[in-house]
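Computed from a predicted structure; not experimentally measured. First the proteins, then the strands, lettered A, B, ... as listed; each starts at 1. What you see below is based on every heavy atom in this structure, not just the backbone, and it leaves out hydrogens, waters and symmetry mates.
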Amino acid sequence: MPDTNTPPSGPRRWEMTVAEARTVQQTLRERLVVQPPPGFSPRLVAGADVSVERFKHYGYAAIVVIDLQTMEQVDEAGAAAELRFPYVPGYLSFRELPPLQRCWDALRVRPDLVVFDGHGYAHPRRFGLACHGGVLWDVPSIGCAKNPFIGTHAPVGEARGATAQIVHEGETVGKVVRTRAGAKPLYVSAGHRMDLPTAVDLVLRLAPRYRQPETTRLAHRRVNELRRADRGG
DNA sequence: GCGACAG
DNA sequence: ATCTTGTCGC
């Protein structure tokens with residue numbers, strides 16, 4: 001019987017079936033906090049991302065931390081690891097969190113917020129990657145995906161800052177956010193210790209110029225460096 | 001039953 | 001996610 005990845009510490013096992021993973025999601029979901037801490041004003045913001053070699057089961061993960069005031073990087077950690085869970089829509093966290101966990105453990109600073117490259121609350125069981133990671137690490141988090149997953153939404157305005165609600169099963173689970181005019185919008189949802197308005201506000205602050213939040217851009221650049229540097233060596 | 005389906 | 005160059009546009 002697999003461990004349920006009980007936070008905040010203890011042995012965590014990732015060898016499990018999709019059915020078992022679903023049970024883990026439903027169990028951990030009860031720990032999800034849907035409001036940010038009182039007076040939440042993050043300074044250290046982390047971005048997490050994973051890169052996978054095509055047709056391989058090897059992944060390169062990275063977490064990069066920036067100071068929101070200066071937008072400058074203040075810490076970073078990377079890790080290469082075998083991905084022991086397949087990509088199954090709805091269970092992305094079980095594939096990406098193991099290598100990201102190693103990055104998290106290696107960080108020298110404790111971020112006030114983590115932005116994940118994937119959905120959070122906008123998930124079939126309301127427990128996407130950002131929710132799972134946030135609960136495991138007990139840190140406020142945001143899900144910021146490049147593509148839609150669940151729900152429907154009205155057309156998004158063309159101007160930067162325009163948004164549209166993502167509705168699923170009669171509930172607003174996230175928002176489509178235009179971070180840059182002329183670019184595809186982002187799909188934002190709350191993770192742990194977070195709410196939708198705060199998540200949208202932070203994503204726009206983190207992406208003043210480019211489509212993706214600065215945290216995601218840096219993490220993405222880092223994992224690709226790790227992947228390219230590893231082949232041939 | 002059929003199609004859809006984060007990275 | 002990854003395979004991939006140049007090219008159109010602000």
In terms of side-chain geometry, is the basic nitrogen of [X] or [Y] positioned less than 4.0 Å from the acidic oxygen of its partner?
| X | Y | answer |
| --- | --- | --- |
| Arg126(A) | Glu171(A) | yes |
| Arg221(A) | Asp49(A) | no |
| Asp138(A) | Arg31(A) | no |

- Message: Rounding to an integer number of Å, can you tell me how far Gln212(A) CD sits from dA1(C) P?
- Response: 9 Å
- Which whole-number value in Å describes the distance from Arg211(A) CZ to dC10(C) C1'? 18 Å
Pairs under 3.5 angstrom, nitrogen or oxygen only, protein versus nucleotides 5-7 of chain B, please.
{"unit_1": "dA6(B)", "atom_1": "OP2", "unit_2": "Tyr87(A)", "atom_2": "OH", "d": "2.5"}
{"unit_1": "dA6(B)", "atom_1": "O4'", "unit_2": "His119(A)", "atom_2": "ND1", "d": "3.3"}
{"unit_1": "dA6(B)", "atom_1": "N7", "unit_2": "Gly90(A)", "atom_2": "N", "d": "3.1"}
{"unit_1": "dA6(B)", "atom_1": "N6", "unit_2": "Gly90(A)", "atom_2": "O", "d": "3.2"}
{"unit_1": "dA6(B)", "atom_1": "N6", "unit_2": "Tyr91(A)", "atom_2": "N", "d": "3.2"}
{"unit_1": "dA6(B)", "atom_1": "N6", "unit_2": "Leu92(A)", "atom_2": "N", "d": "3.2"}
{"unit_1": "dA6(B)", "atom_1": "N1", "unit_2": "Leu129(A)", "atom_2": "N", "d": "3.2"}
{"unit_1": "dA6(B)", "atom_1": "N3", "unit_2": "His119(A)", "atom_2": "N", "d": "3.0"}
{"unit_1": "dG7(B)", "atom_1": "OP1", "unit_2": "Lys146(A)", "atom_2": "N", "d": "2.8"}
{"unit_1": "dG7(B)", "atom_1": "OP1", "unit_2": "Lys146(A)", "atom_2": "NZ", "d": "3.4"}
{"unit_1": "dG7(B)", "atom_1": "OP2", "unit_2": "Asn147(A)", "atom_2": "ND2", "d": "2.6"}
{"unit_1": "dG7(B)", "atom_1": "O3'", "unit_2": "Asp117(A)", "atom_2": "OD2", "d": "3.3"}

- Annotated structure of DNA chain C as dot-bracket, pair cut-off 3.5 Å, Watson-Crick or G-U only, | for inter-strand, is ..........
- Message: Going by side chain to side chain contact (heavy atoms under 4.5 Å, CB included), name the residues that satisfy it together with Arg110(A), two or more places apart in sequence or in a different chain.
- Response: Trp104(A), Leu107(A)
- Step through it carefully: locate the ring centre of His132(A), locate the ring centre of Phe116(A), and say whether they are under 6.0 Å apart. no
- Query: So, for Tyr60(A) and Tyr58(A), is the gap between ring centers shorter than 6.0 Å?
  - Reply: yes
- Task: Could you tell me whether His220(A) contacts a base, only the sugar-phosphate backbone, or nothing, with contacts defined as non-hydrogen atoms closer than 4.0 Å?
- Result: sugar-phosphate
- Message: With a 4.5 Å cut-off on side-chain heavy atoms, are Arg211(A) and Lys184(A) touching?
- Response: yes
- Task: Give a yes/no verdict on a cation-pi contact between Arg22(A) and Tyr91(A), requiring under 6.0 Å between NZ or CZ and the six-membered ring centre and an angle within 45° of the axis.
- Result: no
